[in-house]
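Report on the following structure.
In what follows, every chain begins at residue 1, and chains take the letters A, B, ... in the order their sequences are listed. Just so it is clear, the structure is predicted and the values come from calculations on it, not from any experiment.
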Amino acid sequence: MTVRTRFAPSPTGFMHVGNLRTALYAWLWAKKNDGVFMLRIEDTDQARYVEGAIETAYQTLRAAGLNWDEGPDVGGDYGPYIQSERKDMYLPYAKKLVELGRAYYCFCTKEELDQKRAEVESAGGTYKYDKHCASLSEEEVQKRLASGESYVIRLNVPESGKADFDDAIFGHIEVDCAELDDMILIKADGMPTYNFANVIDDHTMGITHVLRGMEYLSSTPKYNLIYEAYGWEKPVYVHLTTIMRDATHKLSKRDGDATFEDLMNSGFLPEAVINYLALVGWSPGNDREFFTLDELKEAFSLEGLSKSPAIFDSAKLRWMNAEYIRKLSPEAYIGYAMPYLEKAGVAGMDRDILCRILQPRTEVFSDIGANVDFLAAFDENYDIELFTNKKSKTNPEICRAILGDVIPKLKAFPEWSETGLHDFLMNYAAEHELKNGTLLWPVRIAMSGRAVTPGGAIEIAALLGREEALKRLEKGLEKLSNA
RNA sequence: GGCCCCUUGGUCAAGCGGUCUAAGACACCGCCCUUUCACGGCGGUAACAGGAGUUCGAGUCUCCUAGGGGUCACCA
């Protein structure tokens, strides 16, 4: 039997990383089994529809490499793939349930119900629908229906007995029917509720494995009452734990946690994000941490899924992203970095040197700017105390002497290239019996005005070019002389 | 509050009754390399929530307690 999984987002906003991970696992499970991964849009709540949300889902999935075999845009044999377009198929199924005596028409208005609920809750109780309409006579129901009275259809949950199901991760889950409310299947607007549409769709679309968030775990026994009423075979349920921001809060866009889109915009590589996400809540069972999508497909298993929620660790994501960046070819690195280099105004400088000094220092591409901006825009108002460095044995006086002596020689030095400068400065230090650091420290500080820079004095000098480098060195000497 | 689920270092996690004086990774700390910072190399600190059982033996099984999460909508 072909494995069919689905990712079923509701178009109500952003794709946060938790959603993406759910999609990833569903994709992985389908692909691992040479099955079908389907995309279905659950838009039964018209009030919450957010413009552009479907596009965001498409883009995110595509950027992450999770292609879908069936979906609204690519079609398939089980369409339509948008619930609102399947609208007409739910009511007949609900009516069938009414015929079977497993559901009933309910004419209670939302207002009446809200009031009852408020009463019960203010008295400290737990509200549950009182089955008021379950005992309406057939005649009365028909009469009220004919008169055009607004209605909903509710599931008729047995008053005793158990409802249960088996979860691939959590095992057997069972609850007393007495705990369950008669949930609404068809809303007054004629649309199915999520719960009902979900069951009907998963069945009619041939879904074999339902991978979804933990929040559905406790309502799943109730869904199974529907499967049982129809005599349908149940899918394998796989409830995924929540990704948390900290021990007590789940990740949420509303609280400022990053969406996949945010991560892309700040210079994370999709491969790194996917790799990291795969490991939040799943383990291959061994030490391995680096996986391409294809490798994940091979390694993925339901057994490796975790039962407890995991905290999203952005420090580890950054580390992993940095690892991916370091593995990039120089050409690929420059390709990704270019927009940031341009923004920093250094795109015209020697790319070979830029790549060499930046690649091992880039955790996310967006931190390139702050690293290299001094190359394009020099702030000469740096603190003269930067010339003091214990390890390099420098202080402003020593630096003034060194710069005063070396600048004229540098001016006269013909070969302003990285190797030329390297040989020249190293020889200079040796001849004057200076530690390399003692010579290079003032040179680097004067050219950058920064205590910390990517690359050293030689790379910076080469990047800046003779004229600019000399100008900055002279400025440094001037500052030191006036001090 | 009722019901359901979860609980190994700060974080992700391995472990599926003996090989656990508990792996690996991130983070943190130290040392080395070094032209600052990073990279890289080496080393270190740090955990089975608590309590009862079961068993010759428990991180691994059972129960209780505590803590956390989820769910109780004409939202998905």
Indicate, with a heavy-atom threshold strictly under 4.0 Å, whether [X] touches base, sugar-phosphate, or nothing.
| X | result |
| --- | --- |
| A/I173 | sugar-phosphate |
| A/Q359 | nothing |
| A/A310 | sugar-phosphate |
| A/C108 | base |
| A/V280 | sugar-phosphate |
| A/R117 | sugar-phosphate |
| A/K110 | base |

With the side chain of [X] defined as its heavy atoms from C-beta on, choose the nearest nucleotide among [options].
| X | options | result |
| --- | --- | --- |
| A/E179 | B/rA76, B/rC3, B/rA23 | B/rC3 |
| A/S306 | B/rA13, B/rA76, B/rC74 | B/rA13 |
| A/I311 | B/rC4, B/rA73, B/rU11 | B/rU11 |

Take atom [atom1] of [X] and atom [atom2] of [N], then tell me their distance rounded to the nearest Å.
| X | N | atom1 | atom2 | value |
| --- | --- | --- | --- | --- |
| A/F312 | B/rA13 | CZ | P | 13 Å |
| A/L185 | B/rC75 | CG | C1' | 16 Å |
| A/Y237 | B/rC4 | OH | C1' | 16 Å |
| A/L240 | B/rC6 | CG | P | 14 Å |
| A/F170 | B/rU71 | CZ | P | 13 Å |
| A/F291 | B/rA13 | CZ | P | 14 Å |
| A/L113 | B/rA73 | CG | P | 10 Å |

State whether [X] places a side-chain N or O below 4.0 Å from either non-bridging phosphate oxygen (OP1 or OP2) of [N].
| X | N | result |
| --- | --- | --- |
| A/K222 | B/rU71 | no |
| A/S283 | B/rA14 | yes |
| A/T44 | B/rA76 | yes |

### Query
Is A/K393 atom NZ crowded by more than 12 heavy atoms from other residues, nucleotides or ligands, each under 6.0 Å away?
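Check fails, neighbour count at 12 or below.
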
### Message
Can you confirm whether more than 12 heavy atoms, excluding those of A/H432, are under 6.0 Å from its NE2 atom?
### Response
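Check passes, neighbour count above 12.
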
### Query
What about the rings of A/Y276 and A/W282, do their centers lie closer together than 6.0 Å?
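Between A/W282 and A/Y276, which both carry aromatic rings, the centre distance is not below 6.0 Å.
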
### Message
With a 6.0 Å cut-off on the ring centroids, do A/H209 and A/Y25 count as close?
### Response
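They do not qualify: ring centres at least 6.0 Å apart.
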
Nearest-angstrom distance, [atom1] atom, [N] to [M]:
| N | M | atom1 | result |
| --- | --- | --- | --- |
| B/rA14 | B/rA23 | C1' | 6 Å |
| B/rG10 | B/rC4 | P | 31 Å |
| B/rC6 | B/rA49 | P | 14 Å |
| B/rC5 | B/rG43 | C1' | 41 Å |
| B/rG59 | B/rG9 | C1' | 14 Å |
| B/rA27 | B/rA38 | P | 12 Å |
| B/rG2 | B/rU62 | C1' | 25 Å |
| B/rG24 | B/rA47 | C1' | 14 Å |

### Message
I'd like to compare against my own output: the B/S/- annotation of nucleotides 59-70 of chain B with a strict under-4.0 Å heavy-atom distance to protein.
### Response
---------SSS

## Note on the structure
5' to 3', nucleotides 32-42 of chain B under a 4.0 Å protein heavy-atom cut-off (B base, S sugar-phosphate only, - none) gives --BBBBBSS--

For [N], what is the paired nucleotide under Watson-Crick or G-U wobble rules, both distances under 3.5 Å?
| N | value |
| --- | --- |
| B/rU62 | B/rA52 |
| B/rC26 | B/rG10 |
| B/rG2 | B/rU71 |

### 4.5 Å side-chain heavy-atom contact, A/T44 and A/T193
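In short, these two side chains do not touch, never coming nearer than 4.5 Å.
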
#### Entry: Verdict with supporting geometry, A/F170 and A/M214, side chain to side chain contact (heavy atoms under 4.5 Å, CB included)
CA-CA 10 Å; A/F170 295 100; A/M214 266 297 278; 3.5 Å; yes

### Query
Which residue lies toward the 5' end of RNA chain B, A/T193 or A/R21, if each is placed at its nearest nucleotide?
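Of the two residues, A/R21 wins.
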
### Task
Map A/G281 and A/D43 onto RNA chain B by nearest heavy atom, then report which one ends up closer to the 5' terminus.
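Nearest-nucleotide comparison on RNA chain B picks A/G281.
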
Atom pairs and distances, donor-acceptor, side-chain atoms in residues 435-457 of chain A, under 3.5 Å, two or more places apart:
unit_1	atom_1	unit_2	atom_2	d
A/K435	NZ	A/K391	O	2.9
A/T438	OG1	A/S392	O	2.7
A/W441	NE1	A/L386	O	2.9
A/R444	NH1	A/A451	O	3.2
A/R444	NH1	A/T453	OG1	2.9
A/R444	NH2	A/A451	O	2.9
A/S448	OG	A/R444	O	2.8
A/S448	OG	A/R450	N	3.1
A/S448	OG	A/R450	O	3.3
A/R450	NH1	A/A370	O	3.3
A/R450	NH1	A/D373	OD1	3.4
A/R450	NH2	A/D373	OD1	2.8
A/T453	OG1	A/G455	O	3.1

### Task
Return each pair, listed once, that meets side chain to side chain donor-acceptor pair (under 3.5 Å) where at least one residue sits in residues 5-14 of chain A; pairs must be two or more places apart or across chains.
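Checked against side chain to side chain donor-acceptor pair (under 3.5 Å) - neighbours excluded - the pairs reaching residues 5-14 of chain A are A/R6-A/N198, A/R6-A/D202, A/S10-A/T12.
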
### Message
Is it the case that the base of B/rA25 and the side chain of A/K316 share a donor-acceptor contact (distance under 3.5 Å, atom types as modelled)?
### Response
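Side chain to base: pair present.
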
### Query
Looking at A/I353 and A/D350, what are the two nearest heavy atoms and their distance?
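The answer is N-OD1, 3.0 Å.
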
### Query
Testing A/I460, A/L477, A/L464 for side chain to side chain contact (heavy atoms under 4.5 Å, CB included) with A/R472, which one passes?
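Of the listed residues A/I460, A/L477, A/L464, the side chain to side chain contact (heavy atoms under 4.5 Å, CB included) partner of A/R472 is A/L464.
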
Less than 3.5 Å apart, which donor and acceptor atoms pair up between the side chains of residues 358-365 of chain A and the rest of the protein, not counting sequence neighbours?
unit_1	atom_1	unit_2	atom_2	d
A/Q359	NE2	A/I325	O	2.8
A/Q359	NE2	A/L328	O	2.8
A/R361	NE	A/I357	O	2.6
A/R361	NH2	A/I357	O	3.3
A/T362	OG1	A/Y333	OH	2.6
A/T362	OG1	A/L358	O	2.7
A/E363	OE1	A/R318	NE	3.2
A/E363	OE1	A/R318	NH2	3.3

Listing, residues 152-162 of chain A side-chain donor-acceptor contacts under 3.5 Å, not counting sequence neighbours, or none:
unit_1	atom_1	unit_2	atom_2	d
A/R154	NE	A/D182	O	3.0
A/R154	NH2	A/D182	O	3.3
A/N156	OD1	A/K131	NZ	2.7
A/K162	NZ	A/D176	OD1	2.8

